[in-house]
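Note: hydrogens, waters and symmetry copies are ignored here, and every other heavy atom, side chains too, is used.
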Amino acid sequence: MTRNRTQGFEEWFADNDSDIQVVAKQNADWDRSQAKDVAATFLKTYPDLKAIFCNNDVMALGVIEAVKEADLTLNKDIYVIGCDGQSEAYDSIRANEMAATIDTFPYYEGYMAAEVCYRSLIGQTVPRVVFTPSKMLDSTNVDNTPEENIGWTDPVFE
């Protein structure tokens with residue numbers, strides 16, 4: 001999953017002819033404190049840094065701490081984006097700190113897992129890969145319901 005998030009992030013920029021350049025990558029082991037330390041180093045090393053993307057919200061919240069300590073303005077000087085749609089990330093977006101999170105909507109992941117298990121148990125053929133919804137949430141949609149954000153409809157298997 002982690003590799004897919006990083007790969008998808010990088011490929012989007014390449015596929016969309018973006019002039020945005022990834023200047024560094026660093027593992028922070030899903031840890032808020034480590035992410036804060038890594039971000040502090042990045043902010044000193046790359047003074048023109050405009051955004052930091054994190055593979056989870058916990059690390060993004062650590063990055064926000066580093067940005068604040070560097071006396072930079074969130075969502076003006078630098079944008080911080082996380083993944084997972086944790087409640088603390090939602091609160092941070094509402095407070096105009098974190099720019100966005102990519103929510104994976106665990107309820108619907110569970111729904112789809114149960115649906116696939118059930119259909120497999122009754123002998124139906126199920127797809128090898130079943131995608132579940134995800135969506136970037138920012139200040140424009142963080143207060144919408146998950147159904148509004150993803151336009152959920154119950155799956156149909158043939």
Side-chain angles (χ1 to χ4, degrees), residues 1-20 22 25 27-36 38-39 50-68 72-158:
M1 178 173 72
T2 303
R3 289 185 189 124
N4 289 342
R5 287 180 179 181
T6 301
Q7 182 180 353
F9 176 81
E10 292 172 340
E11 285 178 2
W12 187 93
F13 289 115
D15 292 348
N16 288 281
D17 296 322
S18 173
D19 59 356
I20 293 174
V22 176
K25 292 188 283 188
N27 185 341
D29 294 327
W30 309 99
D31 182 81
R32 189 175 187 150
S33 179
Q34 285 187 45
K36 179 182 175 183
V38 168
K50 297 296 181 202
I52 297 178
F53 170 78
C54 300
N55 274 327
N56 79 353
D57 290 334
V58 171
M59 291 187 292
L61 292 163
V63 169
I64 287 170
E65 292 174 21
V67 169
K68 287 178 179 179
L72 297 171
T73 304
L74 288 155
N75 299 318
K76 183 176 178 190
D77 297 326
I78 190 162
Y79 295 87
V80 178
I81 300 100
C83 288
D84 292 332
Q86 295 181 349
S87 61
E88 194 174 355
Y90 275 48
D91 293 340
S92 183
I93 292 168
R94 289 181 188 111
N96 200 31
E97 296 172 339
M98 189 182 296
T101 183
I102 313 304
D103 198 334
T104 56
F105 305 100
Y107 171 84
Y108 296 104
E109 287 178 324
Y111 180 99
M112 290 301 296
E115 183 76 23
V116 169
C117 286
Y118 170 74
R119 291 180 180 272
S120 181
L121 287 170
I122 63 170
Q124 289 185 0
T125 301
V126 295
R128 182 178 164 274
V129 176
V130 176
F131 290 97
T132 59
S134 62
K135 183 166 178 105
M136 185 175 77
L137 302 181
D138 59 20
S139 62
T140 66
N141 59 2
V142 71
D143 289 318
N144 292 352
T145 66
E147 295 80 12
E148 291 171 314
N149 277 324
I150 61 174
W152 177 263
T153 57
D154 288 341
V156 176
F157 290 94
E158 297 179 14

Whether the side chain of Asn75 engages the backbone of Asn96 through a donor-acceptor N/O pair (distance < 3.5 Å, no angle test) should be reported. yes
Non-hydrogen side-chain atoms of Thr132 and Phe105 separated by less than 4.5 Å: no
Would one find more than 12 heavy atoms of other residues, nucleotides or ligands at under 6.0 Å from atom OH of Tyr118? no
Asn56 side-chain N/O to Met59 backbone N/O, donor-acceptor pair under 3.5 Å: yes
Answer whether the closest heavy-atom distance between the side chains of Phe53 and Lys25 falls below 4.5 Å. no
Taking the inter-plane angle between the rings of Tyr107 and Tyr111 on a 0 to 90° scale, is it parallel (under 30°), tilted (30 to 60°) or perpendicular (over 60°)? tilted
Rounded to the nearest 0.5 Å, what separation is found between the OG1 atom of Thr140 and the CD1 atom of Ile93? 9.5 Å
On a heavy-atom basis, the closest approach of Thr101 and Gly85 is OG1-N, 3.1 Å
Identify the heavy atoms of Cys54 and Val63 that sit nearest to each other, and give their distance. SG-CG2, 3.6 Å
Without swapping roles, check the side chain of Asp31 against the backbone of Gly62 for a donor-acceptor pair under 3.5 Å. no
Closer than 3.5 angstrom, by distance alone: can the side chain of Asp57 be matched with the main-chain N or O of Glu88 as a donor-acceptor pair? no
Please report the interatomic distance CG(Asp91) to CD(Glu97), rounded to the nearest 0.5 Å. 9.5 Å
Hey, are the side chains of Val58 and Gln86 touching, using non-hydrogen atoms and a 4.5 Å cut-off? yes
Is there a donor-acceptor pair closer than 3.5 Å between any side-chain N or O of Ser92 and the backbone N or O of Met98? yes
Measure the spacing between OH of Tyr79 and CG of Leu74 and express it to the nearest 0.5 Å. 10.5 Å
Set of residues satisfying side-chain hydrogen bond (donor to acceptor under 3.5 Å, both in side chains) with respect to Lys76, sequence neighbours excluded: none
For Ile78 and Val67, work out which heavy atoms get closest and say how close. CG2-CG1, 3.5 Å
Measuring only between side-chain heavy atoms, which start at C-beta, is Asn149 closer than 4.5 Å to Asp103? no
Looking at Asn55, is its backbone amide N or carbonyl O close enough to the side chain of Arg5 to form a donor-acceptor pair, meaning the two atoms are under 3.5 Å apart? yes
Quiz question: by atom type and distance under 3.5 Å, do the side chains of Asn16 and Ser18 form a donor-acceptor pair? no
Give the minimum heavy-atom separation between Ala60 and Gly82, together with the two atoms involved. CB-CA, 3.8 Å
Rounded to the nearest 0.5 Å, what's the gap from CD on Glu115 to OG on Ser120? Could you check? 11.5 Å
Heavy-atom side-chain contact between Phe9 and Ile81 under 4.5 Å: no
Partner set under salt bridge (charged side-chain N to carboxylate O under 4.0 Å, His left out) for Asp77, not counting sequence neighbours: none
